[in-house]
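Reviewing the structure listed below.
Residue numbers start from 1 in every chain, and the chains themselves are labelled A, B, ... in the order their sequence lines are given, proteins ahead of strands.
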Number of protein chains: 2
Amino acid sequence: MSQPKYIQVMDFLREDIAGRDPHTPILSEREISQRLDISRMTVRKAIEQLCRQGVLYRGGNRGTFVARRPASVTVSESTPRQERQRVLFLDSVYESANVRDVQKAFGLEDHQRLFRMVRLILDDDLPLRVEEIYALPEVAMDKGLNELETMFQLDACRNAASVTWELRPAVIPPKYSRLLNVRQGTAVICRREEIRMGNGPLYLCVHTWLHPENARITGSSQPQGAATHT
Amino acid sequence: MSQPKYIQVMDFLREDIAGRDPHTPILSEREISQRLDISRMTVRKAIEQLCRQGVLYRGGNRGTFVARRPASVTVSESTPRQERQRVLFLDSVYESANVRDVQKAFGLEDHQRLFRMVRLILDDDLPLRVEEIYALPEVAMDKGLNELETMFQLDACRNAASVTWELRPAVIPPKYSRLLNVRQGTAVICRREEIRMGNGPLYLCVHTWLHPENARITGSSQPQGAATHT
DNA sequence: GAGTGGTCTAGACCACGTT
DNA sequence: ACGTGGTCTAGACCACTCG
């Protein structure tokens with residue numbers, strides 16, 4: 001039993017509904033539980049995941065149903081760890097309208113290349129966001145690929161650096177819609193970050209495409225005066 | 001017991017970590033379970049929710065920690081020169097899919113009415129945002145229209161209250177596209193705020209439709225822990 | 001009344017990290 | 001060795017929907 005049971009149940013359900021029409025009811029939790037001889041709580045966990053992924057949806061107390069979206073694309077295998085990343089590609093870019101903006105931020109001309117790494121961040125099987133990380137070629141090439149991954153531990157990086165960011169409304173780029181498992185034309189939030197070490201020049205520029213459901217942006221503030229401020 | 005226990009646990013945790021520094025460990029699941037006399041599975045559910053919301057994060061088998069403070073403190077919208085408001089209408093609403101969500105937040109049923117005020121905020125003549133402000137009828141009607149305007153001085157209000165917010169990607173509602181002077185179908189960011197006085201019940205709920213160009217959301221953060229100097 | 005999902009319990013074992 | 005989170009069980013009661 002290398003796979004956790006709830007993953008097995010997810011696989012079972014994915015197969016079970018493959019080819020089914022949307023809005024078809026699936027087996028009830030208790031039924032699945034009996035057939036697979038697995039506790040209902042475990043079955044629920046599997047179904048909850050699939051609901052969050054948009055493969056199924058719950059219909060109140062009437063049952064659980066196949067969602068409208070073709071369940072085909074979804075990622076698949078294993079290791080229900082925490083946040084995982086999947087590097088999609090590394091390249092170097094220039095002469096693209098989208099990139100001009102970033103080149104400017106680095107103080108480059110149109111013809112000068114930028115190193116780029118694009119990766120998908122997942123939580124379990126849930127796609128959270130796509131990150132496009134830009135850096136100066138000399139900065140990137142200075143490091144081996146191992147060190148690159150360290151360099152791009154953004155969470156750690158952000159704690160050590162000064163960051164400015166901006167949120168922009170956007171439509172999901174077609175190339176990312178499958179990866180994030182959202183329909184083409186979906187409205188999303190794109191975050192643009194500029195990361196500097198100390199007062200140095202621009203170190204990294206990151207464009208993050210956030211999954212509209214799985215990666216929401218929230219916050220809070222307390223009354224000022226009682227505020228906890230550093 | 002009107003609230004499910006796991007919601008109560010979430011509230012407990014939110015209070016418990018209020019003001020704590022990021023990366024501070026929270027109590028262990030078993031500890032919370034004992035203290036509140038609540039099953040560990042229920043505590044887990046609460047923690048999982050908060051992790052998904054980005055309030056906490058899990059650290060493998062080392063514990064669970066307060067997440068990096070959402071940069072909310074330094075969030076600022078582009079500072080307007082001369083903000084003016086134009087009240088579009090006041091009404092009371094119920095039985096609308098869009099409003100159901102708000103009714104729930106106030107703890108109302110579908111058939112119970114909510115007071116609503118919709119207004120357009122302009123900077124000079126530039127449209128910045130549309131605000132939909134929801135309140136309980138008795139709270140709103142308690143005040144004359146003059147006092148209403150005061151009550152809805154959100155900036156002042158926010159300083160005196162505790163606010164939680166969420167940003168959602170959205171498509172501009174057709175009825176607002178003209179007001180904000182953007183094309184139909186434009187991607188925008190919608191901010192949803194819940195405003196409370198002290199630990200009281202929900203006082204105001206505000207949906208803000210931000211103009212994609214005129215009302216950008218930006219912020220910054222400085223290195224944590226290490227002294228920054230200058 | 002039968003079936004459904006939503007919540008909840010009080011245990012259990014495991015893999016893993018820290019000490 | 002101990003504490004942590006991750007998984008799992010076999011029950012339970014509730015509110016709701018539907019025939």
Side-chain angles (χ1 to χ4, degrees), chain A residues 1-13 16-17 23-67 77-84 122-126, chain B residues 1-13 16-17 23-53 55-67 100 103-104 107-111:
Chain A
M1 194 228 291
S2 53
Q3 293 280 69
K5 288 197 183 180
Y6 74 92
I7 298 278
Q8 297 176 30
V9 178
M10 286 174 68
D11 290 342
F12 165 79
L13 283 171
D16 190 50
I17 65 170
H23 312 302
T24 313
I26 67 167
L27 297 173
S28 80
E29 299 175 353
R30 288 168 178 86
E31 178 105 28
I32 298 168
S33 166
Q34 280 175 27
R35 286 209 198 179
L36 302 186
D37 191 30
I38 282 180
S39 149
R40 184 173 157 226
M41 288 302 283
T42 305
V43 172
R44 277 183 66 77
K45 180 158 185 177
I47 293 180
E48 270 160 22
Q49 293 258 5
L50 290 175
C51 284
R52 245 182 292 144
Q53 292 184 13
V55 177
L56 302 176
Y57 69 92
R58 309 217 97 140
N61 303 34
R62 296 177 297 111
T64 304
F65 306 90
V66 178
E77 82 265 353
S78 67
T79 46
R81 260 289 159 246
Q82 282 215 312
E83 227 174 70
R84 294 186 302 125
L122 302 150
D123 175 17
D124 252 354
D125 282 341
L126 279 182
Chain B
M1 194 229 292
S2 52
Q3 291 280 69
K5 288 198 184 180
Y6 73 92
I7 300 278
Q8 297 176 29
V9 177
M10 286 174 68
D11 290 342
F12 166 79
L13 283 170
D16 190 49
I17 67 170
H23 314 301
T24 313
I26 67 168
L27 298 174
S28 79
E29 297 176 354
R30 288 168 177 85
E31 178 104 26
I32 298 168
S33 166
Q34 281 175 25
R35 287 208 197 181
L36 303 186
D37 191 30
I38 282 181
S39 150
R40 185 175 155 225
M41 288 301 283
T42 304
V43 172
R44 277 183 65 76
K45 181 158 185 176
I47 294 180
E48 270 159 24
Q49 293 257 7
L50 290 174
C51 284
R52 242 182 290 144
Q53 292 182 15
V55 177
L56 303 175
Y57 69 92
R58 310 217 96 138
N61 303 29
R62 295 178 297 110
T64 303
F65 306 89
V66 177
R100 184 69 200 107
Q103 286 173 314
K104 265 190 197 161
L108 299 183
E109 303 301 323
D110 319 37
H111 57 88

Please tell me which of B/I7 and A/N61 maps to the more 5' nucleotide of DNA chain C, matching each residue to the nucleotide holding its nearest heavy atom.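 Mapping each residue to its closest nucleotide by heavy atoms, the 5'-most match is A/N61.
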Nearest-nucleotide comparison on DNA chain C, the residue closer to the 5′ end among A/R62 and B/R62: A/R62
Determine: side-chain N/O of [X] to OP1/OP2 of [N], distance under 4.0 Å, yes or no.
X	N	value
A/S39	D/dG11	no
A/K45	D/dT7	yes
A/Y6	D/dC8	no
A/T64	C/dT4	no
B/S28	D/dT4	yes
A/K5	D/dG6	no

Checking salt bridge (Lys or Arg N to Asp or Glu O under 4.0 Å) against A/E29, which of A/R35, A/R58, A/K45 comes through? A/R58
Quick one: does [X] reach the base of [N] with a side-chain donor-acceptor pair under 3.5 Å?
X	N	value
B/R58	D/dG6	no
A/R30	C/dG5	yes
A/R40	D/dG11	no

Compute the bend angle of the helix from C/dG1-D/dC18 to C/dT18-D/dA1 from the end axes (five pairs per end), rounded to 10°. 0°
Which comes earlier along DNA chain D counting from the 5' end, the contact point of B/M41 or that of B/E31, where each point is its nearest nucleotide?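 Per heavy-atom nearest nucleotide, the more 5' residue is B/E31.
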Remember a base hit wins even if backbone is also touched, and classify B/I38 as base, sugar-phosphate or nothing at under 4.0 Å, heavy atoms.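 Since only primed, P, OP1 and OP2 atoms lie under 4.0 Å of B/I38, the category is sugar-phosphate.
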Interatomic distance, B/E29 CD vs C/dC13 P [rounded to whole Å]: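 Distance, rounded to whole Å: 18 Å.
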